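Some notes on the structure that comes next.
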Amino acid sequence: MKSLGAAAIGGMSLAALDPDIVTGIVPQSGESEAVDWKGGEKSERMFPLSVASGGPTPSGIILWTKLSSERCQSSEPVHVQVATDEAFTDPVYEGKVAAERVKADNNYVVKVDLDGELPADSHLFYRFHHAGVTSPTGRARTLPKPDASPESVRLAVVTCQSYQSGYYPAYNYIADEDVDYIVHLGDQIYEYAGDSPFEGRSIELPSGHDLAWTLEDFRHLWETYREDAFFRRALERHPLIPTWDDHEIVNNRYWDYENERPWTEDHPLKDDPEALTRLFADGIKAWWEYNPARVEYDPSADSLLDSLRLWRSVRFGDLLELPVTDERLFRSLPPAGDAAGRRQRGVPPHAPERDNGDRTMLGFEQREWLLDTLKETDATWKAWANEVAISEFVMSFTDDGQFWRNYDSWDGYEHEREEIMGQLEHFGVENFLAFTGDWHTSFVSYLMLDYEDAFQRTPIPSEEDVVGIEFMTPGLSSNGWASDFWGKENRTDVESESPELTNETWQEVVLEENPHFEFIDVKYNGYSVAEFTPEEFTWTTYAVDDTVDEPGVARGVLRKYRVPEGTVELEELEADDSPLPENEADI
C-alpha cells in the first residue's frame, strides 16, 4: 500500500494555490495509524452528501466528500482508503488529509487527488473516515493508458437538472447503467429559489433573495441538489466529468471585453460591475468546491478570465478523445438586436456580426487548444463535450414570415463556428461527434461546413458537406419547449403572442426548415448513453418520468442511432429496451 504524498490538480501544485481555498493533502506519517473502518455512527451524519469522484487519469482520480460543519472535529484528520474490491480486502492505497487543511473557509469540502498512485483502467472502491465515522463506499474508475486499445467506452450524458422543475429518478437508472463515467454538460444547479409545484423541491436561500446573491447562496444550492438520494447514488457509482453552462452562476452570462467585466441582463446586480464580478467569483468558487474535476483554479488571479481553466481533454486509450470546453466564461456579448441572447422572433436570418472574427464563444487560447486537440489526436473517435447547440437552427412563422432564432447558441457566433468546422474538414478529422445540452430538448443533426444551403432548405447532397454529427441530450428535469408528456404544465419558450406549439408541430416545422436535422423532440426529459467501440458509435436517448420521486418510474427509449466508424452516416436502430408508453394511461 502507498501512503498519500504530494498531489497536484490540473497540473498546478497545491502549494501554488491559496491554502485557505484548496483542500490540501499531506504525507502520511511513517507509522500507519489504526482506523476502525467499520465503527462509528451513521455515515450520513458526518458525510451528509456522501462521496463522489472525477478527474480520471490512467494512474489516478480525484476523490470528493464533504464533512458536516457541526460534526467535523478540528483535531482529527480525514483518512482515505482505496481497494480493488468492495469489501476492501485488497487495499491498494491508504492515506490521510491533515486536520488543519479541512476548514470552514472551503466549506469542509475534501478533495484527494490520487494521480500517479492507482492502477490503470481499473474499477476501484474508496471510502473516507473521520472522527470514528466511515463514509459510504464509492466506486471510481481510472482511464486506460494512452496507448491502450479499449474494446469499448460507455458514457452517461446528462444536462439541465432544475431541482424545482422535477425529480431525479433518471439518476437512479444511471446508477444502475453499465457505464464508465457520467459526462455532465452543464446546468448542474440553477441559481433560482422559491416555491416548486413538486413536493419537497422548494428552495429558500440564506440571503433571502429569489436567486443566488452570495457564496453562501451558491453553496446552499449545491448542497440542496446533492442531497437528492438518486443524484448521490449515481455519483457514488460512476465518476463525473463535468463542464458548466450558465445557470451555475446566472442565466445568459457573457464577458464584456471592452469594459473587462462580466455581463448579464438577468440579475439585479447587472449595473454594478464590482458586485457582479464578486457574484461570478463566488459562483466559480462554489463550482470548484463541489466538482471533483481536474481543472486549474486560481482565486487570486487578477481577472476572472484567469481564475478558472475549465477546458481539458480526457483520453480513453486509442479509442476516444473527449475534449471538454468552457463556453460561458469567455464568450463575447450577444449579437446586437438580441440584447439578452434569448430566443426571439423577428431577428435577421444571420447574426449581424457573423463575419466579425473578434467575437468569440471560446476565447482565442481555448479555441486553438480545441482545434489542436482534435487535429493531433490519433484516437479513433473524437467527441466534443460542448454545452450549447452548434447546428444552425431556424424556424419561420407562417403567419408573418418572421424568423425564430437563438443567438445564445453557436448561431450567435457563426464566424468562429465556421472556422472550427472548416479546420476540421481541411485537416481531415474523421469520426467527429459533438455532445450538447442546454435546450431541454433532444436532437440529432449533421454538422456542416456552413449552413447557407441549409438556410435555403436545400437537402444535404453528400457526405462531403458534413463534418460530423451533433447529439443533444434532453434535460434531466428542466422544462421542455412543449407540453410535457408526464403531466407538467404546458409551456413554450417563444413570445407570448405566438401560438402554442406542440411537440408534433415543432418536429414538423424544424425538420422541414432545417434539412441537416434528422430528429428532434422537445417534450421528454431523460438522459443518454453513448457507447464507443473501434467499429461503431451508438447513441441511445431515454425518456424518464421526472414527476415521481421513486425508483422504477416509467422509462423508455426515445431514439437510438448507430454511426459506423469512418463515416458520417446515421442509422436509426430499433430499441431493444422498453418502448415509450403511447399515453399516460400506460405509465
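Residues take their numbers from the sequence shown, with the count starting at 1. Just so it is clear, the model here is predicted, and its values are computed rather than measured. Values below: every heavy atom of this structure, side chains too, minus hydrogens, waters and symmetry copies.
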### Task
Using the side chain to side chain contact (heavy atoms under 4.5 Å, CB included) rule, pick out the option among Asp187, Thr436, Thr243, Val324 that qualifies with Glu387.
Thr243
### Task
For the pair Arg127 and Glu236, evaluate salt bridge (Lys or Arg N to Asp or Glu O under 4.0 Å) and give the outcome as yes or no after the intermediate values.
CA-CA 10 Å; Arg127 56 187 177 181; Glu236 289 169 358; over 6 Å; no
### Query
Do the numbers put Lys66 on top of the ring of Trp222, so that NZ or CZ is under 6.0 Å from the six-membered ring centre and no more than 45° off the axis?
no
### Task
Determine yes or no for a side-chain-to-main-chain donor-acceptor pair under 3.5 angstrom, with His184 supplying the side chain and Cys160 the backbone.
no
### Message
With rounding to the nearest 0.5 angstrom, report the CD to OG distance, Glu44 to Ser68.
### Response
12.0 Å
### Query
Do you see a donor-acceptor pair shorter than 3.5 Å between the side chains of Ser135 and Tyr126?
no
### Query
Partners of His247 by side-chain hydrogen bond (donor to acceptor under 3.5 Å, both in side chains), sequence neighbours excluded?
Glu191, Asn251
### Message
Does either side chain, that of Tyr171 or that of Gln161, offer a donor lying less than 3.5 Å from an acceptor on the other one?
### Response
yes
### Query
Does the separation of the ring centres of Phe316 and Tyr181 fall below 6.0 angstrom?
yes
### Query
What is the distance from atom OG of Ser300 to atom CG of Asp306, rounded to the nearest 0.5 Å?
10.5 Å
#### Entry: Whether Ser122 side chain and Ala120 backbone form a donor-acceptor pair below 3.5 Å
yes
#### Entry: Any donor-acceptor pair under 3.5 Å from His130 side chain to Gln73 backbone
yes
#### Entry: Note, Phe88 side chain near Phe125 side chain (heavy atom, < 4.5 Å)
yes
#### Entry: Summary of salt bridge (charged side-chain N to carboxylate O under 4.0 Å, His left out) pairs that have at least one residue in residues 132-143, sequence neighbours excluded
Asp121-Arg141, Arg141-Asp180
### Query
How about Ser478 and Ser162: does a side-chain donor come under 3.5 Å of a side-chain acceptor?
no
### Task
Enumerate the residue pairs fulfilling salt bridge (charged side-chain N to carboxylate O under 4.0 Å, His left out) with a member in residues 206-221, sequence neighbours excluded, ordered by first and then second residue.
Arg219-Glu289
### Message
I'd like to check the salt bridge (Lys or Arg N to Asp or Glu O under 4.0 Å) partners of Asp246; sequence neighbours left out, ordered by chain and number.
### Response
Arg328
#### Entry: Separation between NZ of Lys270 and CG of Leu276, rounded to the nearest 0.5 Å
10.5 Å
### Message
Would you say Tyr527 and Glu177 are linked by a side-chain donor-acceptor pair, where the criterion is simply a distance under 3.5 Å?
### Response
yes
### Task
For the pair Glu368 (side chain) and Glu365 (backbone), establish whether a donor and an acceptor sit closer than 3.5 Å, ignoring hydrogens and angles.
no
#### Entry: For Arg331, salt bridge (Lys or Arg N to Asp or Glu O under 4.0 Å) partners two or more places apart
Asp408
### Task
Report the relative orientation of the aromatic rings in Phe330 and Trp311; use parallel for angles under 30°, tilted for 30 to 60°, perpendicular for over 60°.
perpendicular
#### Entry: Ring geometry between Tyr225 and Tyr163 (parallel below 30°, tilted from 30 to 60°, perpendicular above 60°)
tilted
### Separation between OG of Ser75 and CD of Glu100, rounded to the nearest 0.5 Å
11.0 Å
### Query
Does some side-chain heavy atom of His220 sit less than 4.5 Å from a side-chain heavy atom of Glu204?
no
### Atom CD of Glu260: over 12 foreign heavy atoms under 6.0 Å
yes
### Message
Ignoring hydrogens, what is the shortest heavy-atom contact between Leu155 and Val179? Give both atom names and the distance.
### Response
C-CG1, 4.2 Å
### Query
Which residues satisfy the side-chain hydrogen bond (donor to acceptor under 3.5 Å, both in side chains) test with Ser53, sequence neighbours excluded?
none
### Summary
Hits for side-chain hydrogen bond (donor to acceptor under 3.5 Å, both in side chains) against Gln164, two or more places apart or cross-chain, chain-then-number order -> none
### Query
Who are the salt bridge (Lys or Arg N to Asp or Glu O under 4.0 Å) partners of Asp228, not counting sequence neighbours?
Arg201
### Message
Looking at Phe128, is its backbone amide N or carbonyl O close enough to the side chain of His79 to form a donor-acceptor pair, meaning the two atoms are under 3.5 Å apart?
### Response
no
#### Entry: Thr377: partners by side chain to side chain contact (heavy atoms under 4.5 Å, CB included), with sequence neighbours left out
Arg315, Glu321, Ala379, Lys382
### Query
Do Asn525 and Ser477 have side-chain N/O donor and acceptor atoms under 3.5 Å apart?
no
### Message
If the condition is side-chain hydrogen bond (donor to acceptor under 3.5 Å, both in side chains), which residues does Ser202 pass it with, not counting sequence neighbours?
### Response
none
#### Entry: side-chain contact (heavy atoms from CB on, under 4.5 Å) between Thr325 and Trp384, worked out
CA-CA 8 Å; Thr325 53; Trp384 177 11; 2.9 Å; yes
### Task
For atom CG of Asp302, decide whether the heavy atoms of other residues, nucleotides or ligands shown that lie under 6.0 angstrom number more than 12.
no
### Message
Ignoring hydrogens and geometry beyond distance, is a side-chain donor-acceptor pair present between Tyr167 and Glu550 at under 3.5 Å?
### Response
no
### Task
Output yes when a side-chain donor or acceptor of His238 lies under 3.5 Å from a complementary backbone atom of Ala175, and no otherwise.
yes
#### Entry: Heavy-atom donor-acceptor pair, Thr134 side chain to His129 backbone, under 3.5 Å
no
### Task
Please report the closest heavy-atom contact between Ile203 and Ala193, naming both atoms and the distance.
O-CB, 3.5 Å
### Message
Would the distance check show the side chain of Arg312 and the main-chain N or O of Leu310 forming a donor-acceptor pair, the cut-off being under 3.5 Å?
### Response
yes
### Query
Between Trp213 and His209, how do the two ring planes meet: parallel, tilted or perpendicular, split at 30° and 60°?
parallel
### Query
Considering residues at least two apart in sequence or located in another chain, which fulfil the side chain to side chain contact (heavy atoms under 4.5 Å, CB included) criterion with Thr89?
Asp85, Ala87
### Query
So, Asn291 side chain and Ala293 main chain: donor-acceptor pair closer than 3.5 Å or not?
no
### Query
What is the distance from atom CD1 of Ile249 to atom CG of Leu279, rounded to the nearest 0.5 Å?
7.0 Å
### Query
Listed by chain and number, what are the side chain to side chain contact (heavy atoms under 4.5 Å, CB included) partners of Leu333, not counting sequence neighbours?
Tyr254, Asp256, Trp263
#### Entry: Short side-chain to backbone donor-acceptor contact, Glu94 and Val82, under 3.5 Å
no
### Message
Please determine whether side-chain hydrogen bond (donor to acceptor under 3.5 Å, both in side chains) holds for the pair Glu223 and Asn107, giving the CA-CA distance in whole Å, both sets of side-chain angles, and the decisive distance to 0.1 Å.
### Response
CA-CA 11 Å; Glu223 291 170 15; Asn107 210 26; 2.9 Å; yes
### Task
Take Val80 and Leu63 through the side-chain contact (heavy atoms from CB on, under 4.5 Å) test and state the conclusion after the steps.
CA-CA 9 Å; Val80 61; Leu63 306 181; 3.6 Å; yes
### Query
Taking the six-membered ring of Trp64 as reference, does the NZ or CZ atom of Arg232 fall below 6.0 Å from its centre and within a 45° cone about the axis?
no
### Message
We want to know whether Thr84 and Asp90 form a side-chain donor-acceptor pair, criterion being a heavy-atom distance below 3.5 angstrom.
### Response
yes
### Message
Once rounded to the nearest 0.5 Å, what's the spacing between atom CD of Gln366 and atom CE of Met361?
### Response
10.5 Å
